[in-house]
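Inspection log for the structure reproduced underneath, given as structure tokens.
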Amino acid sequence: QVQLVESGGGLVQAGGSLRLSCAASGRTFSRDAMGWFRQAPGKEREFVAAVAWSGGSTYYVDSVKGRFTISRDNAKNTVYLQMNSLKPEDTAVYYCAADAYGSGSAFQREYEYWGQGTQVTVSS
């Protein structure tokens with residue numbers, strides 16, 4: 001059974017940092033692109049960041065560039081999202097996703113596997 005399990009969410013003050021983790025199991029994800037998406041209350045789910053299977057190529061939505069960093073450890077089947085300088089508008093449920101044999105995409109339809117999400121709340 002394929003599973004993606006996110007962790008590391010929580011409540012943080014504006015300007016603070018959080019590190020999200022996504023542990024994958026049930027298949028080998030080392031050849032998959034991995035992505036992070038988020039959904040704020042009352043809004044549609046949106047792309048945040050993606051990383052190619054090798055970790056050599058990364059992609060970000062403009063609103064998080066320079067503040068968030070996506071990385072992966074294929075030996076641990078884990079992908080990370082380091083979030084710095086957090087803002088109240090970053091408040092959302094954050095989802096991890098896997099794009100089987102993909103190269104990294106901002107489009108949700110490209111991702112076959114999804115986690116359940118972890119809540120990130122940034123207070124002002």
Side-chain angles (χ1 to χ4, degrees):
Q1 182 181 0
V2 176
Q3 276 194 316
L4 299 176
V5 180
E6 302 95 337
S7 61
L11 173 64
V12 64
Q13 288 188 331
S17 298
L18 283 175
R19 188 195 196 202
L20 305 184
S21 298
C22 172
S25 62
R27 63 177 266 119
T28 299
F29 287 86
S30 59
R31 291 292 180 175
D32 298 344
M34 301 294 293
W36 286 96
F37 293 79
R38 66 186 179 186
Q39 187 168 20
K43 296 186 177 181
E44 294 188 352
R45 190 162 57 186
E46 66 170 355
F47 169 76
V48 176
V51 59
W53 69 269
S54 66
S57 296
T58 56
Y59 311 91
Y60 300 93
V61 68
D62 285 348
S63 60
V64 308
K65 285 181 180 177
R67 300 188 297 122
F68 291 11
T69 303
I70 188 171
S71 61
R72 65 189 298 162
D73 184 338
N74 286 339
K76 296 182 178 179
N77 247 11
T78 301
V79 64
Y80 306 97
L81 186 67
Q82 178 67 44
M83 306 186 295
N84 299 328
S85 302
L86 282 160
K87 304 175 181 180
E89 51 263 44
D90 294 318
T91 295
V93 177
Y94 283 71
Y95 298 90
C96 170
D99 174 8
Y101 304 106
S103 57
S105 172
F107 297 102
Q108 298 182 50
R109 63 176 181 267
E110 300 292 330
Y111 292 81
E112 292 85 355
Y113 306 102
W114 291 83
Q116 293 299 308
T118 185
Q119 176 70 47
V120 171
T121 303
V122 185
S123 63
S124 58

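All values reported here derive from a predicted model rather than from experimental measurement. What you see below is based on every heavy atom in this structure, not just the backbone, and it leaves out hydrogens, waters and symmetry mates.
The two residues V120 and G9 make their nearest non-hydrogen contact at CG2-CA, 4.1 Å. Closest heavy-atom contact between R72 and V51: NH1-O, 3.6 Å. When every heavy atom of V48 is checked against every heavy atom of V64, the shortest pair comes out as O-CG2, 3.8 Å. For the residue pair Y95 and G115, the shortest heavy atom distance occurs at CD2-O, 3.6 Å. Taking each heavy atom of G104 and A50 in turn, the nearest pair found is CA-CB, 4.3 Å. Residue L11 comes nearest to S123 through the heavy atom pair CD1-CB, 4.4 Å, listed as atom of the first residue, atom of the second, then distance.
The hydrophobic cluster containing I70 also contains F68, counting ILVMFWY residues as joined when their side-chain heavy atoms lie under 4.5 angstrom apart, directly or transitively. Y113 and F107 fall into different hydrophobic clusters, where Ile, Leu, Val, Met, Phe, Trp and Tyr are joined by side-chain heavy atoms under 4.5 Å apart, directly or via other members. Clustering ILVMFWY residues whenever any of their side-chain heavy atoms sit less than 4.5 angstrom apart, transitively, puts L86 in a cluster other than the one holding Y80.
The distance from the OG atom of S25 to the CD atom of Q1 is 8.0 Å, given to the nearest 0.5 Å. Taken to the nearest 0.5 Å, the CG atom of D99 stands 14.5 Å off from the CH2 atom of W53. With values rounded to the nearest 0.5 angstrom, N77 atom CG is found 9.5 Å from R27 atom CZ. Between the OG atom of S63 and the CG atom of D90 there is a distance of 7.0 Å, given to the nearest 0.5 Å. We find the CH2-CD distance between W36 and E46 to be 14.5 Å, quoted to the nearest 0.5 Å.
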Inset, instruction - List the steps and the verdict of side-chain contact (heavy atoms from CB on, under 4.5 Å) for L81 and L18. - result: CA-CA 8 Å; L81 186 67; L18 283 175; over 6 Å; no
Legend entry - Working for side chain to side chain donor-acceptor pair (under 3.5 Å), residues T91 and E89: CA-CA 5 Å; T91 295; E89 51 263 44; over 6 Å; no
Inset, instruction - Under the side chain to side chain donor-acceptor pair (under 3.5 Å) rule, what do N84 and S17 come out as? Steps first, then yes or no, please. - result: CA-CA 4 Å; N84 299 328; S17 298; 2.9 Å; yes
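Between R38 and R45 the shortest side-chain heavy-atom distance does not fall below 4.5 Å. By the 4.5 Å heavy-atom criterion applied to side chains, V12 and M83 are not counted as neighbours. Considering only heavy atoms from C-beta on, V2 stays 4.5 Å or farther from E112 through its side chain.
K65 is linked by a side chain to side chain contact (heavy atoms under 4.5 Å, CB included) to Y60, D62, counting only residues two or more places apart in sequence or in another chain. In terms of the ring-ring contact (aromatic ring centres under 6.0 Å, His included) criterion, residue partners of F37 (sequence neighbours excluded) are, by chain and number, F47, Y111, W114.
In the model, R31 has no side-chain atom that pairs as donor or acceptor with a side-chain atom of Y101 under 3.5 Å.
The disulfide bond (SG atoms under 2.5 Å apart) analysis of residues 15-124, with sequence neighbours excluded, yields the pairs C22-C96.
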